[in-house]
Amino acid sequence: MSKLKQLAKGNTPTGVMSIKLQRPVAAIRSKAQREGISLRPVNRSPYNRRSKAAKRA
């Protein structure tokens, strides 16, 4: 799985993606559109924080 797809699936904001992938935000958005990857946030907290907190409890 591509790094971009992993980050998008993890609900990562595009600004953070650009830092991690060392690419401009516009490049990330155009690549996601070409690959058919949705960058819209899912109805979850960013970085899957909710699931990690649940595991600790």
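Shortest non-hydrogen contact noted between Ala8 and Ser38 is CB-O, 3.9 Å. For the residue pair Leu4 and Ile37, the shortest heavy atom distance occurs at CD2-CD1, 4.0 Å. In plain terms, the two heavy atoms of Pro24 and Ser18 that are nearest each other are C-CB, 4.2 Å. Listed here is the closest heavy atom pair of Gly15 and Val25: CA-CG2, 4.4 Å.
Atom NZ in Lys31 sits 10.0 Å away from atom CZ in Arg23 (nearest 0.5 Å).
Remark: side-chain polar atoms of Thr12 are paired, donor with acceptor, to backbone N or O of Leu7 under 3.5 angstrom.
Gln6 is not listed as a side-chain neighbour of Lys9, based on a closest heavy-atom distance of 4.5 Å or more.
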